[in-house]
Amino acid sequence: MRTTASKHRSAGQPSDVSAVSQPDRSSNAAPASALKPATVMRAARVADQVYRHLRRAIISGEIESGMRLREVEIAEALNVSRTPVREAISRLIGDRLVREHETIGVEVVDMARDMVDIHHIRESLELCAARLAAERITEAQIEVLQDLVRQGEKASAADRVHINHQFHLTIVQASSAPRLIDMLKSFNEYFLHPRWITRTQKKQVDQALKDHQQIVDALRAHAPDRTERILRRHLKLGLMQLMDSPD
């Protein structure tokens, strides 16, 4: 895929993201500064990397809801041509992370409206993965989970969110079901948004840590029913936060 990098750059050298001037915020366009420096490697398709970069920026809140995505500005910020940007935006529309308007172009959606539905979908898939994991998990994966529990007990609030994400991802990976793993990776990413991170209360954190240890114990015992029961209760904590929190 041809990029707009300088002709003097060697063919094997990666294209670094270069910052562009801050656009007028009054236009409600996604600022180029929201696209943190990244490297577009030749080994993978440029469009795939642009897609992952934009998806991560939207889900993490770096590009806020209501912001407009302009192909030209994104292409300049990521130092690529408009073609992979156009393809990436098309995929984001399919993910329902952005939407098209006849007059203003492409706009980032407000995920808060869909989070309850996303939570229910994630819960159903993860319970299925947990039952499989209880049958297929390895001793090495159990030790990884146990170590994550220990880390969570001592971590800061911000670090604990990412440890929690890794904990659930490890359970999903232990299912050894590739299609299920891919689907859950996509849904679990939504819960790394700062909007949900800042809602965590100490009482809920303490209960979540207890649940994690009980889940590890159930997986170690290779008990699918017990694993599903504890995980279902655990995931309900997150749903309660979504239901009780303001938009």
*Asks:* What verdict does the side chain to side chain contact (heavy atoms under 4.5 Å, CB included) test give for Asp211 and Gln207, after you've listed the backbone C-alpha separation in whole Å, the side-chain angles of each residue and the deciding distance to 0.1 Å?
*Replies:* CA-CA 6 Å; Asp211 288 347; Gln207 182 59 54; 2.9 Å; yes
*Asks:* Sub-3.5 Å donor-acceptor pair from the side chain of Arg160 to the main-chain atoms of Gly152, do we have one?
*Replies:* yes
*Asks:* So do the side chains of Arg136 and Arg131 get within less than 4.5 Å of each other, counting heavy atoms only?
*Replies:* no
*Asks:* Examine the side chains of Arg233 and Gln214 and answer whether a donor and an acceptor come within less than 3.5 Å of each other.
*Replies:*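 Gln214 and Arg233 do have a side-chain donor-acceptor pair below 3.5 Å.
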*Asks:* Mind checking whether Phe167 and Val216 have side chains closer than 4.5 Å, heavy atoms only?
*Replies:* yes
*Asks:* Using a 3.5 Å cut-off and no angle test, enumerate the donor-acceptor pairs between side-chain atoms of residues 169-180 and protein atoms at least two apart in sequence or in another chain.
*Replies:*
{"from": "Thr170", "atom 1": "OG1", "to": "Gln166", "atom 2": "O", "distance (Å)": "2.8"}
{"from": "Ser175", "atom 1": "OG", "to": "Val172", "atom 2": "O", "distance (Å)": "2.6"}
{"from": "Ser175", "atom 1": "OG", "to": "Ala177", "atom 2": "N", "distance (Å)": "3.4"}

*Asks:* I want to check something: taking the side chain as every heavy atom from C-beta on, are Ile89 and Val85 in contact at a cut-off of under 4.5 Å?
*Replies:* yes
*Asks:* Glu64 and Val108: side chain to side chain contact (heavy atoms under 4.5 Å, CB included), yes or no, with the steps?
*Replies:* CA-CA 7 Å; Glu64 300 175 355; Val108 177; over 6 Å; no
*Asks:* Atom OG of Ser81 and atom CZ of Arg86: how far apart are they, to the nearest 0.5 Å?
*Replies:*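 The CZ atom of Arg86 is 8.5 Å from OG of Ser81, to the nearest 0.5 Å.
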*Asks:* Going by atom types alone, do Ser186 and Arg55 pair a side-chain donor with an acceptor below 3.5 Å?
*Replies:*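 The criterion, which ignores hydrogens and geometry beyond distance, is satisfied for Arg55 and Ser186.
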*Asks:* Apply side chain to side chain contact (heavy atoms under 4.5 Å, CB included) to the pair Ile137 and Leu145, showing each step before the final yes or no.
*Replies:* CA-CA 11 Å; Ile137 195 166; Leu145 289 172; 3.8 Å; yes
*Asks:* What's the separation between atom CG in Leu125 and atom CG in Leu184, rounded to the nearest 0.5 Å?
*Replies:* 5.0 Å
*Asks:* Kindly indicate whether the side chain of Leu235, heavy atoms from C-beta on, has any atom under 4.5 Å from the side chain of Arg122.
*Replies:*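 The answer is yes, as the side chains (C-beta and beyond) meet within the 4.5 Å cut-off.
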*Asks:* Tell me the closest heavy-atom pair linking Val50 and Ala88, and the distance in Å.
*Replies:* CG1-CB, 3.7 Å
*Asks:* Between Arg220 and Asp217, is there a side-chain N and carboxylate O pair less than 4.0 Å apart?
*Replies:*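 Salt bridge between Arg220 and Asp217, a charged N being under 4.0 Å from a carboxylate O: yes.
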*Asks:* To the closest 0.5 Å, what do you measure between CG (Leu54) and CG (Leu92)?
*Replies:* 5.5 Å
*Asks:* Checking side chain to side chain donor-acceptor pair (under 3.5 Å) between His234 and each of Glu123, Lys210, Glu126, His212, which is the one that passes?
*Replies:* His212
*Asks:* Just checking, any donor-acceptor pair under 3.5 angstrom between side chains of Glu135 and His222?
*Replies:* no
*Asks:* Does some side-chain heavy atom of Arg56 sit less than 4.5 Å from a side-chain heavy atom of Glu62?
*Replies:*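 A side-chain contact under 4.5 Å is absent here.
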*Asks:* Between CD1 of Ile230 and CZ of Arg226, what distance do you get to the nearest 0.5 Å?
*Replies:* 6.0 Å
*Asks:* Does a side-chain heavy-atom distance below 4.5 Å link Val98 with Leu69?
*Replies:*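 Yes, side chains in contact.
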*Asks:* Given 3.5 Å as the limit, does a donor-acceptor pair link the side chain of Arg99 with the main chain of Glu107, or not?
*Replies:*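 No; judged by distance alone, with no hydrogens or angles, the pair does not exist.
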*Asks:* Could you tell me whether Arg91 sits above the aromatic face of Tyr51, with NZ or CZ closer than 6.0 angstrom to the six-membered ring centre and within 45 degrees of the axis?
*Replies:*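 Yes, a cation-pi geometry.
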*Asks:* Kindly check if the number of other-residue, nucleotide or ligand heavy atoms within 6.0 Å of CD (Glu153) is above 12?
*Replies:*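 For Glu153, atom CD is crowded (more than 12 foreign heavy atoms under 6.0 Å).
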*Asks:* Side chain to side chain contact (heavy atoms under 4.5 Å, CB included) between Glu73 and Arg68: does it pass, once the steps are laid out?
*Replies:* CA-CA 11 Å; Glu73 292 179 353; Arg68 293 171 60 187; over 6 Å; no
*Asks:* In the structure I gave you, are the side-chain heavy atoms of Glu87 and Thr83 within less than 4.5 Å of one another anywhere?
*Replies:*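 Side-chain contact under 4.5 Å: no.
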*Asks:* Once rounded to the nearest 0.5 Å, what's the spacing between atom OG1 of Thr227 and atom CG of Leu219?
*Replies:* 4.0 Å
*Asks:* Quick one: pull up NE2 in His162 and OG in Ser156 and give me the separation to the nearest 0.5 Å.
*Replies:*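 The distance works out to 9.0 Å.
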*Asks:* Report, as yes or no, whether the 6.0 Å neighbourhood of atom CZ on Arg96 holds more than 12 heavy atoms from other residues, nucleotides or ligands.
*Replies:* no
*Asks:* Using side-chain heavy atoms (C-beta onward) and a distance below 4.5 Å, is Asn164 in contact with His168?
*Replies:*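 Result yes, sub-4.5 Å side-chain heavy-atom pair found.
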